[in-house]
*Asks:* 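Take a look at this one; I'll ask things after.
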Amino acid sequence: VGKKKVNNALAYIQEALGVFGITSDKLRTMHVLDIGTGRQAVRFHGLGARKVTHVDISKAHIEQTRAYIKAHRIQNMQSIEMDLTRDRLPKQAFDLVFAAGIYQHLAPPHKGLINFAQSLKVGGRMYLGFYRSGDWRWFIVSLIRRGIGKRSFAAVKRKIAISASFGDAEHFQVARMLDDFFVPAQSLFHPRDVLS
């Protein structure tokens with residue numbers, strides 16, 4: 001979990017906490033479930049969450065987050081490899097479920113949403129950040145996904161870093177592009193689709 005990746009997560013976490021009315025004092029009483037790369041989990045821990053559980057389907061993200069936990073001797077954070085469309089989260093375990101940029105990558109998305117919802121405690125909150133459909137960008141992304149196919153992740157990452165961030169492989173734009181190009185599923189939604 002690179003420092004820049006962790007820092008890029010802070011703004012939208014703070015915005016979400018503000019919308020929910022979750023203060024620093026309240027966060028210190030909460031068990032947070034973070035789904036994804038692990039950078040939000042690190043931020044929630046840094047912001048003082050009572051407990052943080054991180055889950056992701058990527059073994060590499062789990063190993064990276066576990067290494068961070070071990071290196072910093074963190075006692076109240078864990079990282080678990082799971083496919084959230086198949087593996088069940090514990091029922092009513094979390095005060096906050098935080099899924100930024102995850103929902104649209106689940107196949108099928110509704111199974112993940114049901115899993116997230118049943119894992120919330122009564123009165124818990126769920127943050128879903130998702131990509132909007134109808135943007136020209138997604139047409140280009142779909143063409144690139146087809147062109148890349150099964151090519152080497154590391155080679156593509158190097159090329160993206162050179163072209164999008166002056167060679168900085170830890171830049172948030174590199175992470176976004178890798179997310180767009182390599183995730184196994186990519187569904188696009190308008191906010192009203194998810195709300196309904």
Side-chain angles (χ1 to χ4, degrees), residues 1-13 15-16 33-43 54-68 79-87 97-113 115-116 126-196:
V1 178
K3 187 173 183 178
K4 288 182 182 180
K5 288 181 182 177
V6 171
N7 288 340
N8 288 327
L10 181 59
Y12 59 83
I13 288 173
E15 182 179 357
L33 172 66
D34 172 53
I35 304 163
T37 63
R39 63 182 174 258
Q40 292 91 217
V42 169
R43 260 307 172 195
H54 163 249
V55 299
D56 195 25
I57 197 170
S58 165
K59 185 176 184 170
H61 288 163
I62 298 304
E63 290 172 354
Q64 180 177 309
T65 306
R66 286 179 179 167
Y68 182 91
S79 188
I80 304 166
E81 185 178 352
M82 294 179 79
D83 177 341
L84 292 171
T85 62
R86 289 193 328 243
D87 303 323
V97 171
F98 198 83
I102 301 302
Y103 182 67
Q104 67 278 355
H105 296 315
L106 300 173
H110 73 278
K111 286 192 176 183
L113 184 59
N115 199 6
F116 303 165
M126 182 176 358
Y127 173 89
L128 288 179
F130 55 92
Y131 309 149
R132 289 189 63 177
S133 63
D135 192 334
W136 174 254
R137 168 183 178 225
W138 297 112
F139 172 72
I140 301 299
V141 166
S142 68
L143 292 176
I144 293 171
R145 281 172 62 90
R146 281 190 223 133
I148 289 174
K150 300 288 182 185
R151 292 200 179 123
S152 164
F153 180 85
V156 172
K157 183 176 183 179
R158 280 192 303 276
K159 290 175 184 174
I160 291 172
I162 291 167
S163 66
S165 65
F166 302 106
D168 180 2
E170 296 300 315
H171 193 275
F172 77 94
Q173 288 292 20
V174 175
R176 282 184 176 177
M177 292 173 122
L178 290 170
D179 184 51
D180 291 343
F181 300 155
F182 282 99
V183 293
Q186 190 173 66
S187 302
L188 302 176
F189 303 95
H190 188 279
R192 71 177 162 264
D193 298 333
V194 177
L195 292 173
S196 68

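These numbers come from the heavy atoms of this one structure, side chains and all, not from hydrogens, waters or symmetry mates. The structure presented is a predicted model; accordingly, all values stated were derived computationally and were not measured.
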*Asks:* Side chain to side chain donor-acceptor pair (under 3.5 Å) with Ser165: which residues, sequence neighbours excluded?
*Replies:*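 By the side chain to side chain donor-acceptor pair (under 3.5 Å) rule, Ser165 matches no residue at all.
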*Asks:* Enter the distance from Ile160:CD1 to Ile144:CD1 here, rounded to the nearest 0.5 Å.
*Replies:* 8.0 Å
*Asks:* Closest heavy-atom contact between Ile35 and Ala99?
*Replies:*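 Of all heavy-atom pairs spanning Ile35 and Ala99, the closest is CD1-CB, 4.1 Å.
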*Asks:* With rounding to the nearest 0.5 angstrom, report the CZ to NZ distance, Arg66 to Lys59.
*Replies:*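 Arg66 atom CZ to Lys59 atom NZ measures 9.5 Å (nearest 0.5 Å).
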*Asks:* Can you find a heavy atom in the side chain of Leu128 that is under 4.5 Å from one in the side chain of Leu113?
*Replies:* yes
*Asks:* When rounded to the nearest 0.5 angstrom, what is the spacing between CG in Leu10 and CD in Glu15?
*Replies:* 11.5 Å
*Asks:* Would you check if Leu106 and Lys111 make a side-chain contact, meaning some heavy-atom pair closer than 4.5 Å?
*Replies:*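 Counting from C-beta outward, Leu106 and Lys111 never come under 4.5 Å.
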*Asks:* Once you round to the nearest 0.5 Å, how far does CG of Leu84 lie from CG of Leu33?
*Replies:* 7.5 Å
*Asks:* Give, for atom CG of Asp83 and atom CG of Asp56, the distance between the pair rounded to the nearest 0.5 Å.
*Replies:*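 One finds 10.5 Å between CG of Asp83 and CG of Asp56.
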*Asks:* If every non-hydrogen atom of Pro109 is compared with every non-hydrogen atom of Tyr103, which pair is closest and at what distance?
*Replies:* O-CE1, 3.4 Å
*Asks:* Quick check: closest heavy atoms across Gly36 and Ile102, and the distance to 0.1 Å?
*Replies:* CA-CD1, 3.6 Å
*Asks:* What are the two closest heavy atoms between Met126 and Phe116, and how far apart are they?
*Replies:*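 Minimum heavy-atom contact is SD-CB, 3.6 Å.
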*Asks:* Kindly indicate whether the side chain of Asn115, heavy atoms from C-beta on, has any atom under 4.5 Å from the side chain of Thr85.
*Replies:*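 No, side chains not in contact.
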*Asks:* Would you check if His54 and Ile62 make a side-chain contact, meaning some heavy-atom pair closer than 4.5 Å?
*Replies:*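 Yes - at least one pair of side-chain heavy atoms lies under 4.5 Å apart.
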*Asks:* Of the non-hydrogen atoms in Ile57 and Glu81, which two are nearest, and what is the gap between them?
*Replies:*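 Smallest interatomic distance, heavy atoms only, reads O-OE2, 3.7 Å.
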